[in-house]
Every structure is written in C-alpha cells, then in structure tokens.
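The sequence lines fix the lettering, A, B, ..., with proteins before strands; numbering per chain opens at 1.
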There are 2 protein chains.
Amino acid sequence: MVCRSRRHQPTAGGLTIDDVIKGSPTLEAVARLAGVSRATASRAINGGSRVSARAQQAVNDAVRQLGYTPNSAARSLVTRRTDSVALIVPEPDERVFSDPFFARTLHVVTNVLSERDLQVVLLIARPNDDKQRILRYLHRRTVDGAIVVSHHRDDGLSDEVATLKLPSTFVGRPWTSADQVSWVSTDNIDGSHKATRLLIERGCRRIGTIAGPADMTVGQDRLVGWRRALAEAELPDDAVVHSDFTEAGGIEAGRSIMRAHPDLDGLVVASDLMAAGALRALAAAGKRVPDDVAVTGYDDLGISEHTDPPLTTLRNPITEMADQAARLLLEQLDGSATAPRRVIFTPTLVRRLSA
Amino acid sequence: MVCRSRRHQPTAGGLTIDDVIKGSPTLEAVARLAGVSRATASRAINGGSRVSARAQQAVNDAVRQLGYTPNSAARSLVTRRTDSVALIVPEPDERVFSDPFFARTLHVVTNVLSERDLQVVLLIARPNDDKQRILRYLHRRTVDGAIVVSHHRDDGLSDEVATLKLPSTFVGRPWTSADQVSWVSTDNIDGSHKATRLLIERGCRRIGTIAGPADMTVGQDRLVGWRRALAEAELPDDAVVHSDFTEAGGIEAGRSIMRAHPDLDGLVVASDLMAAGALRALAAAGKRVPDDVAVTGYDDLGISEHTDPPLTTLRNPITEMADQAARLLLEQLDGSATAPRRVIFTPTLVRRLSA
DNA sequence: CGGACTGGTGAGAGCGCTTCCACTCTCGTG
DNA sequence: CACGAGAGTGGAAGCGCTCTCACCAGTCCG
C-alpha cells in the first residue's frame, strides 16, 4: 500500500524503488521523472508537436538520465507499424553470397531506407523448405513492407504479397500478380537481343546460349531476346542449356553445350558468373575466345573485367534499380502511392575482349 | 448497443460484422467462432496444455477458417520474447558478401535456430556509421539474442551485450568482457604457429606475414602465432603488413611486402582470400610459388583449392563453430546456461602445393 | 467585455495478446 | 457419502505504448 501510493505520486524527479528494480525504464518512469504526464512524454519523444519548450527539455533530460528506449512491441501494437522492412531473397544462401548483385542491392536498399530509420531485415529463403516460413512471416506482419529480389515462379510471393496488400517492390518482373504489385526491372529481352545481334554482326552463325533458370523471369526474358535476334537473322536457335547463375553451373553448362554442339562459334550467356565458368570450360576444351567462340556475359558487376579474356557484357544499372525499388516501397509506406508502379531500365552493351 | 451485445454473445460459429470488416482476425474472433474464451483459445494455440480435445479441435478449425495468425507485437509485449535473434556482422557489406565464411556461418546458424522456430535477422553494420544504430537496436530488445561475427575492437558490442545481459555468442574471441559473454573460436595462435613451422621446416629463413586487421582478435592472434614460431627458430619477425581480409587487400599487401623485403622466401597469410591476392602479386613480380616463395593461407573455404598453385592452408571447422555458437545461444535463451561458456576448436593443416 | 481560438496538457481508452486466479466439474478414495 | 485432487475453463488484469478528447489557461478580435 505504501509502495503503491508512493508510486503514483507525481513528484517531479521522484523515482520510486520500483523504477530502480525494473529492468528497462518505461515511459511512465520518464514521465514521472520529468514531472509530466505519460501523454506529454510520448509527444515529446515522438517529435514534439504541441509540447512546451520546458516540458520538452524535462523529458529529454529524463530520457537521457534513465537511458530510456521505447519498447518496440508496445509501440507497434498501437501504431501498427514495425519500422522494419524485409529484403527477401528466395535463393539458397550459397548463391546469395557469391553473386555481387545481392551485395550491391542490399547495400543500396539499406542506405535508402535507413534515411527514414527503417531497419532492413534480410530473409534468405531456401526455395522449397522455407516457402511456408516466409509466407507466415509476412502474414504475421512482422515487417511493414518487403522488397523481393530474385523471385521464382512457384514461390508464391507475389500472390501472397498482393492479397495481403503488403507494401512491396519486386526487383525483376514477378510471374503473377504483375499488375498488382510494384516492380523494377531492366529490359532483359532487349539486352539479350543486343548481345546476340553483336555476335551476329561479328560474323557468328552458330550461336548457343547458356540461359538462366527457367522459373525466373530474368531467365526467360534473356532467352527470348536471344531467340528473337536469331529468328530475325534466320539462324538456328536450338543450342540452349539452362543453368543456375553460378560459376560452377556455368562450367558444367559450357562443357555440355560444347559437347552437344561442337560447331558453336558464339555463346550468349545469361550472367557474368556463368560466363566466367563457361570461359573456363571453353579454355579446357581448347577453344580460343573470341577467335573460335565469341562469348557475351550479362550484368557487368566486377567479375566481367577479371575473366580471361575480359567479358563483353550488358550493364544493368543495379544501383539505380535498387534505389528505385527502395523508393517505390517508401512511396507505399507513406501512403502516397496510388497504384502499383513499374520502372524499367535499359541495359547498355559494354564491349571488352570476349566478343 | 445491438452490435455490442451481439458481439459478446458466445454463439459458436457466430461471426459479427466487425470480424468481417476488420483486417486480420484477432484471437477474440477465433475464440468466438470456436465457442470458447480467449484464454482457452490462447492455450490451444500455444501448444494446448490443459485444453480438452473438443476445445482444441474447435480452435484449430476456427484458426484455419479465419486464416488467423497471432499478432507478434501483442505477443511480444506480454511474453517479452520476440522469437528472433540477430546475426550481427560489423563489416562493410562488400566483405560480407565476398567472404564464404559468412555464408557458411549464416547458413548453419539459420538451420540450427530454425529448429526452434527462431527467425534469424541479419544485421550488417558498417563499422563506424552504424555503430550507434546497432547498439540502439539491441537496446530496444527487438531480438531475444545475438550472435556476433567478426567483432572489432571499438565496436562496443561485447560491452553493450554484457551490460544489457542480452543472450549472445561471439564467434571469435571478443576484446573486452571476454569472461562475461559466451564465445567460440579456434586457436588462431596455434594455427598460425603451425603454418610458420611448416615453412621453417621446409627451409624458409626469411618469412613475412600478411596479417589481418589489428583491431580484430583473429588478426592479432594469427600474428602472435607467426611471431612465436619465428622466435623459437630465432628468425627475424620484422616483415609484417596488415591488410583487411579481402583479395584486393591481399594483392596490395603482397606487392608492398615484396617491395619492402625482396628477399622473402616464405609468406604466412592470415586468410585464403588475402593469400589468393598475394599469389597474384607474387606472380606479377615474377616469383614462383613455392620455389621462390612458399605461401600459406588460412581458413580453407573453397578458394584455397582454386588458386594457382592451390594453397596450403589451415582448416577452421567453421561449420562446427557456427553450430556451437548457435547452441550456446539456445542454452542461454532456454535459461539452462548458468555461466558464460567458451568453446575453442583446433585448426588443422591442409597441405597443397603452395608450401 | 464576451466569445472564439489556440497552444499545452493529462485522463483514460484501448492495441491483441498471455497468464494468474478463481471457479466448476468430474472422479477416485477413505 | 463427504472430500480432496486435478482437469478444464473463463474473467480479468495487465504488458508499454499512442492518441483521442476534454479541459484549462491565455490571447485576440469585434
């Protein structure tokens, strides 16, 4: 009883035993120490509109003195915001960590979002095992929004996000619900078309491709661009091998495509990492690049300069894409976005020695 | 009033207009649909002790029918748990994504923790900018615990974690508070000592080292091991260059150490990635490895087999370390850990061609 | 000098959940 | 047959926060 009455006495600066014992200080403690109400303390802490200079100062001091940090669960419960967003990467983690694309994207996204004090949570989901776990995670609304990178046909993400009406941006065109969610992408058909055209103009007549996974739109679109250019030149388009965007996959694919089509004189590869692998396979098979086989990569993220020979490739404006993706998400979080938007960038051809 | 009375009527299966309008269903709605109290519904959902089979079934059905997912903020507020833990990497993100060590660690940690339905949140903190942000994050207790990888001298993490009494494990010996937090590590002094001994036994007499960052215990310890072996053999230990565990850093360091000490016949490098860089620098300088200069790496995470020549290196049991780190954290979360624990693994020498 | 504002404030009502506690029924036992 | 044990249940009290609303000065205008 004594304790109880003491506790509620609003003596400015009067801290009770309770405050000292308790783990982290609450808003209540701050308010009491500052000699104001909880409401005023809350206002002062959250960007003080309608708070007198005196009260503001008192609260600031109390916060500092107690080392107060708001309890985020309590805050989220009422604001229905968590101030964190997920960067979802539905890929096995080996790939995430070997492909510089993800590093760059994470970097840029984190930078843009941290301007608004949003915490980026990286969720790496192995495609099959974790599908349900990720969907549950989103459903629970542990994050205010999501940026999905490297989305696959059956991961269910675009539909889930669309039905949940969760603010989100996809990097790369989603398979489904494409007109209900925002996304950024590059014109992969165009890029691949450019690469193939280059080989044709160079004189190649037997051009194969190492394509990306068939369950990703990037994979599909780059394949379409290659097909289209060959069709326009009335060249055969039967030399296709799908791989997984890794260097190891590229070696394997390079080996198998050369075995199946030994007469190839051009090779359009859907990523630099795979192209680096393919170059190794070609070297091992005794083929000179570009003299025997001309090769193009895709992405231009550093590796392409260090291969032997350096890769002719298509530069995707990854930085701009990631930046745009983050901003599209911000728009939605702000509520300023009216309808889903899409932004499509154009890749540019970078000529080096491989073609 | 009508609405209100209807709302509280415990008619099994009776949903009110409110339920339909509201976004996500609450426990209240589940309870009403199941014809039980909120308390019973909660018990049923959380692993039903003291719940009749009938009630359990009714709640299960209601959950399914409504697509109910508990609101995590509300739950955390009362349980004081968030069911998520942070993997903190105080490194610029370029490094995180180029070093396979992190990929492996993340992979293992995620696997172990997901057995317990813990969500792993990856926090990459650029050392200087984000120091405060990370500390604030931990302070707010947005996570139940943390695993800190690649901790630096001045990042404040070990002290913060110790004073917050936040369950945590460090991978690599922390600089301060080392007896107040749990950590796993390998015996880096021993490993580096072994590498240096090997070179000495091989006949090298002028052995330099490319050391890791001086503000990391790994960097320091591996340097100490090298020094110790040289001292034992009464050889000079003045050829030291510090670098940053990246390949680019290794090239630069290799170049500069050879310039300063052209007579070097052995080089102990504190990581495979740096060693790969050093090999390039040596090749560029016209030195043959191992004939002119014998080289050792450290870590053995894949790259070491693909360098030219393949690296003799020390294998750290990364998988076991990460596994152990996760389990030490689990112990603390369970409350079964009494005192901070440390686990130290022994590195093993892997001989390839570079030494 | 009354009325309409306006800046500043605190009381209090929740947000959706878990959990303590008190209560009601069974049973099995002395 | 009374009684205690134990299983199953619901009422209600919070967790720590935000935010509406009512209120109380002052200030300004007609």
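With C:dT18, D:dT9, D:dC17 as the candidates, the nucleotide lying closest to the side chain of B:R75 is C:dT18. In this structure, of D:dT9, C:dT19, C:dT9, it is C:dT9 that holds the atom nearest to the side chain of A:R50. Here D:dT18 is the nucleotide among C:dG16, D:dT18, D:dG11 with the atom lying nearest to any side-chain atom of A:S42. Between C:dC17, D:dG16, D:dA12, one nucleotide has an atom nearer to the side chain of B:A74 than all others, and that is C:dC17. Of the candidates C:dT19, D:dG8, C:dC17, the closest approach to any side-chain atom of B:Y68 belongs to C:dC17. Closest contact between the side chain of B:L77 and the listed nucleotides C:dG10, C:dG16, D:dT9 involves C:dG16. When each of C:dG10, D:dG10, C:dC15 is scored by its nearest atom to the side-chain atoms of B:V36, the top-ranked nucleotide is D:dG10. Of the candidate nucleotides D:dG14, C:dC15, D:dT9, D:dG14 has the atom nearest to the side chain of B:V78.
The phosphate of D:dC19 (OP1 or OP2) has no side-chain N or O of A:R38 nearer than 4.0 angstrom. Between C:dT18 and B:R81, no contact under 4.0 Å exists linking OP1 or OP2 to a side-chain N or O. Phosphate contact (OP1/OP2 of C:dG10, side-chain N/O of A:S37, threshold under 4.0 Å): present. In this structure, A:T79 does not reach the D:dT18 phosphate: none of its side-chain N or O atoms is under 4.0 Å from OP1 or OP2.
Between the CZ atom of B:R80 and the P atom of C:dT19 there is a distance of 12 Å, given to the nearest Å. For the pair A:I45 CD1 and D:dT18 P, the computed distance is 7 Å after rounding to whole Å. If you measure from atom CZ of A:R43 to atom C1' of C:dT9, you get 6 Å, rounded to the nearest angstrom. A:N71 places its CG atom 13 Å from the C1' atom of D:dT18, with the value rounded to the nearest Å. The nearest whole Å value for the distance from the CG atom in A:N46 to the P atom in D:dT20 is 13 Å. Computed from coordinates, the B:E28 CD to D:dG10 P distance equals 12 Å when rounded to whole Å. In this structure, the CZ atom of A:R32 is 12 Å from the P atom of D:dG16, given to the nearest Å. Taking atom CG of A:L27 as the reference point, atom P of D:dT18 lies 6 Å away to the nearest angstrom.
Between A:R116 and A:D334, at least one side-chain N (NZ, or NE/NH1/NH2) sits under 4.0 Å from a carboxylate O, which counts as a salt bridge.
Contact annotation for A:A73: no contact, since no heavy-atom pair falls under 4.0 Å across all strands.
B:N111 and B:E115 form no side-chain donor-acceptor contact under 3.5 Å, judged by distance and modelled atom types alone. Using modelled atom types and a 3.5 Å distance limit, the side chains of A:T169 and A:S182 yield no donor-acceptor pair. No side-chain N or O of B:H139 forms a donor-acceptor pair with one of B:E160 less than 3.5 Å apart. Using a 3.5 Å distance cut-off with no hydrogens or angles, the side chains of A:D61 and A:Q57 do pair a donor with an acceptor.
In this structure, A:P70 and B:A53 both approach DNA chain D, and ranking their closest nucleotides by distance from the 5' end singles out B:A53.
Contact annotation: the side chain of A:V30 approaches that of A:V59 to within less than 4.5 Å [non-hydrogen atoms, C-beta and beyond].
No N or O donor and acceptor, one from the side chain of B:R54 and one from the base of D:dG8, sit under 3.5 Å apart.
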